A.B. asks: 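Below is a structure I'd like to ask you about.
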Amino acid sequence: MITTLTLPRLFDAHVHFRNDEMLQLVVPFTAKYASHAIVMPNTRPRAILTAEDVVWYNSEIERTLDQLRPRPNFKPLMTIEIRDNTTPEIVARAHKVGAVAGKVYPLGVTTNSNEGLRNFFSKESLETFEAMQFLGMPLLIHGELDLPRTLVTKREEVFLPTFLRLADRFPKLKMVLEHITTKAAVATIRHLGPNINATITAHHLCTTLNDVVGDGIRPHNMCMPIPKDFEDRDALISAVISGNPKFFLGSDTAPHPREKKECARGACGVFSAPILPELLAEIFEKANGLSYLEEFACDFGAEFYGLKPATEKITLIKEAWTVPEIYGNVVPFMAGEALQWKLL
Ligand code: NCD
Ligand code: ZN
């Protein structure tokens, strides 16, 4: 039986660090075990939209890292949000100051998407995507649409035709369909070219809709895209233990204060950062796929962003522990539950 697991520091291709006190609370978790993370731009009150925002937000994160002892060997990789009024100039300037990708939130599909993109195929959007294709700057997409008479469980599937149209229109644009949750999305990514990839979260590998609303309402399991059916989860697991570089880790760790989750209209987002390597080890072991974990969580994401996997290692040992009920004022994923692996 394997009782020790050594991995390079992880490459987490999708994190929410927020700002102010929340930033200070959550950054140390990811910085403890990741070499890089792609930092999402949907912050409030200041969203990350321009070069100036990127520089400001990056310095906020670096300042937080500087306060940690020892300073972790972790580098945040910045993004901007692509909206209807984003221009090729905005994109080029942000790219120049280090934004590695642009992120699209279709209007109204998730936390802080109230100013999200309305039209993927407007003249302005097409020019922006063209500029990104030219710069080799990946387009990260929250792949859901909030359409009339469409259940929240169907929002990912109804987005796929839009995604296919984009892939067809921009054959060289690097795209990532973020946090995929359906069998249909897995199949779509598999049959598109090597420039088209997807991130997968740890929580979607171990939850279904039942874990959100099947046994009481469990707000800390609620996220967008909403966890789906068993066969969808099976397809996600098959994808991550297939050794296919198109599928890589993007945890979508998305902290919210407890009172924003446990209320009449709770926020969407799962805070997985405090348990991420441990949870992944457990999921991959259970699926008889531990040998695929390193590629999925360390190599493929780094490769996509043109980086080498980290040389510094992390170690996990087989030792059961119970996930704390709360960190600061944020309830983590699997609070109060046992995990079998522990990060040293
Ligand atoms: C994320 C958040 O809280 O910012 N929420 C979520 O449910 N996943 C946004 C996102 O990635 O959709
Ligand atoms: Zn997210």
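Everything quoted here is computed from the prediction, not taken from an experiment. Side chains included, hydrogens not; waters and symmetry mates left out as well; all remaining heavy atoms used. Counting convention: from 1, in listed order, for ligands and their atoms alike. Here, residue 1 is the first one in the sequence, and each next residue gets the next number.
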A.B. asks: Is there a donor-acceptor contact under 3.5 Å linking the side chains of Thr64 and Gln24?
C.D. replies: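 No - no donor-acceptor pair under 3.5 Å links their side chains.
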A.B. asks: Do Arg71 and Asp66 have side chains that approach each other closer than 4.5 Å (heavy atoms only, starting at C-beta)?
C.D. replies: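 Sidechains of Asp66 and Arg71: in contact.
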A.B. asks: May I have the angle between Asp252 OD1 and His14 NE2 with its vertex at the Zn ion (ligand 2), rounded to 10°?
C.D. replies: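 That angle is 90°.
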A.B. asks: Does His16 bring an N, O or S atom to under 2.8 Å of the Zn ion (ligand 2)?
C.D. replies: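 Of the N, O and S atoms in His16, at least one lies under 2.8 Å from the Zn ion (ligand 2), which means yes.
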A.B. asks: What is the distance from atom CG of Leu7 to atom SG of Cys298, rounded to the nearest 0.5 Å?
C.D. replies: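 Between atom CG of Leu7 and atom SG of Cys298 there are 5.0 Å.
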A.B. asks: Which atom pair, heavy atoms only, marks the closest approach of Met224 to Glu144?
C.D. replies: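 What the structure gives for the nearest pair is CB-OE1, 3.8 Å.
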A.B. asks: Return yes when Asn112 approaches ligand 1 closer than 4.0 angstrom through a heavy atom, no otherwise.
C.D. replies: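 No.
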A.B. asks: Using a 4.0 Å cut-off to any heavy atom of Cys223, which atoms of ligand 1 qualify?
C.D. replies: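 By the 4.0 Å cutoff, the relevant atoms are 7 (O).
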A.B. asks: Any side-chain heavy-atom pair from Ile200 and His179 closer than 4.5 angstrom?
C.D. replies: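 Counting from C-beta outward, Ile200 and His179 never come under 4.5 Å.
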A.B. asks: Nearest heavy atom to atom 3 (O) of ligand 1 wins, so pick from Arg44, Met224, His16, Arg18.
C.D. replies: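 Of the listed residues, Arg18 has the closest heavy atom.
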A.B. asks: Using heavy-atom distances only, which candidate in Val109, Thr111, Thr110 approaches atom 10 (C) of ligand 1 most closely?
C.D. replies: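 The nearest heavy atom belongs to Thr110.
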A.B. asks: Using distance alone, with no hydrogens and no angle criterion, decide if Asp12 and Ser251 have a side-chain donor and acceptor under 3.5 Å apart.
C.D. replies: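 There is such a pair between these side chains.
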A.B. asks: Gly269 heavy atoms, cut-off 4.0 Å: which ligand 1 atoms fall inside?
C.D. replies: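 Taking each heavy atom of Gly269 in turn, ligand 1 has 5 (N), 6 (C), 7 (O) under 4.0 Å.
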A.B. asks: Which bit of Asn42 gets closer than 4.0 Å to ligand 1, counting heavy atoms only: side chain, backbone, both or neither?
C.D. replies: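 The answer is the side chain.
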A.B. asks: Closest non-hydrogen protein atom to atom 8 (N) of ligand 1, residue and atom name please, with distance?
C.D. replies: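 Atom 8 (N) of ligand 1 sits closest to the protein heavy atom Asp252 OD2, 2.8 Å.
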A.B. asks: Looking at Ala254, which atoms of ligand 1 are within less than 4.0 Å of one of its heavy atoms?
C.D. replies: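 Counting from 1, the qualifying ligand atoms are 1 (C), 2 (C), 3 (O).
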A.B. asks: Strictly by modelled atom types, are His142 and Glu178 linked by a side-chain donor-acceptor pair under 3.5 Å?
C.D. replies: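 There is no such pair (donor and acceptor under 3.5 Å, judged by atom type) between the side chains of His142 and Glu178.
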A.B. asks: Please state whether Met40 comes within less than 4.0 angstrom of ligand 1, counting heavy atoms only.
C.D. replies: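 False for this residue.
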A.B. asks: With rounding to the nearest 0.5 Å, note down the distance linking CD in Glu231 to CG in Leu236.
C.D. replies: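 The CD atom of Glu231 sits 11.5 Å away from the CG atom of Leu236.
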A.B. asks: Which atoms of ligand 1 are found less than 4.0 Å from any heavy atom of His14?
C.D. replies: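 Atoms satisfying the 4.0 Å criterion: 11 (O).
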A.B. asks: Report the C-alpha distance between Phe120 and Phe159 in whole Å, list the side-chain angles of each, state the deciding distance to 0.1 Å, and finish with yes or no for ring pair (Phe, Tyr, Trp, His ring centres under 6.0 Å).
C.D. replies: CA-CA 11 Å; Phe120 277 84; Phe159 179 73; 5.5 Å; yes
A.B. asks: Cys268 versus ligand 1: do any nitrogen or oxygen atoms come within less than 3.5 Å of each other?
C.D. replies: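 Yes; at least one N/O pair falls below 3.5 Å.
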A.B. asks: Touching ligand 1 at all, His179? Heavy atoms, strictly under 4.0 Å?
C.D. replies: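 Within the 4.0 Å threshold, so yes.
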A.B. asks: If you measure from each non-hydrogen atom of His256 to ligand 1, which part falls under 4.0 Å: side chain, backbone, both or neither?
C.D. replies: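 Only the side chain of His256 comes within reach of ligand 1.
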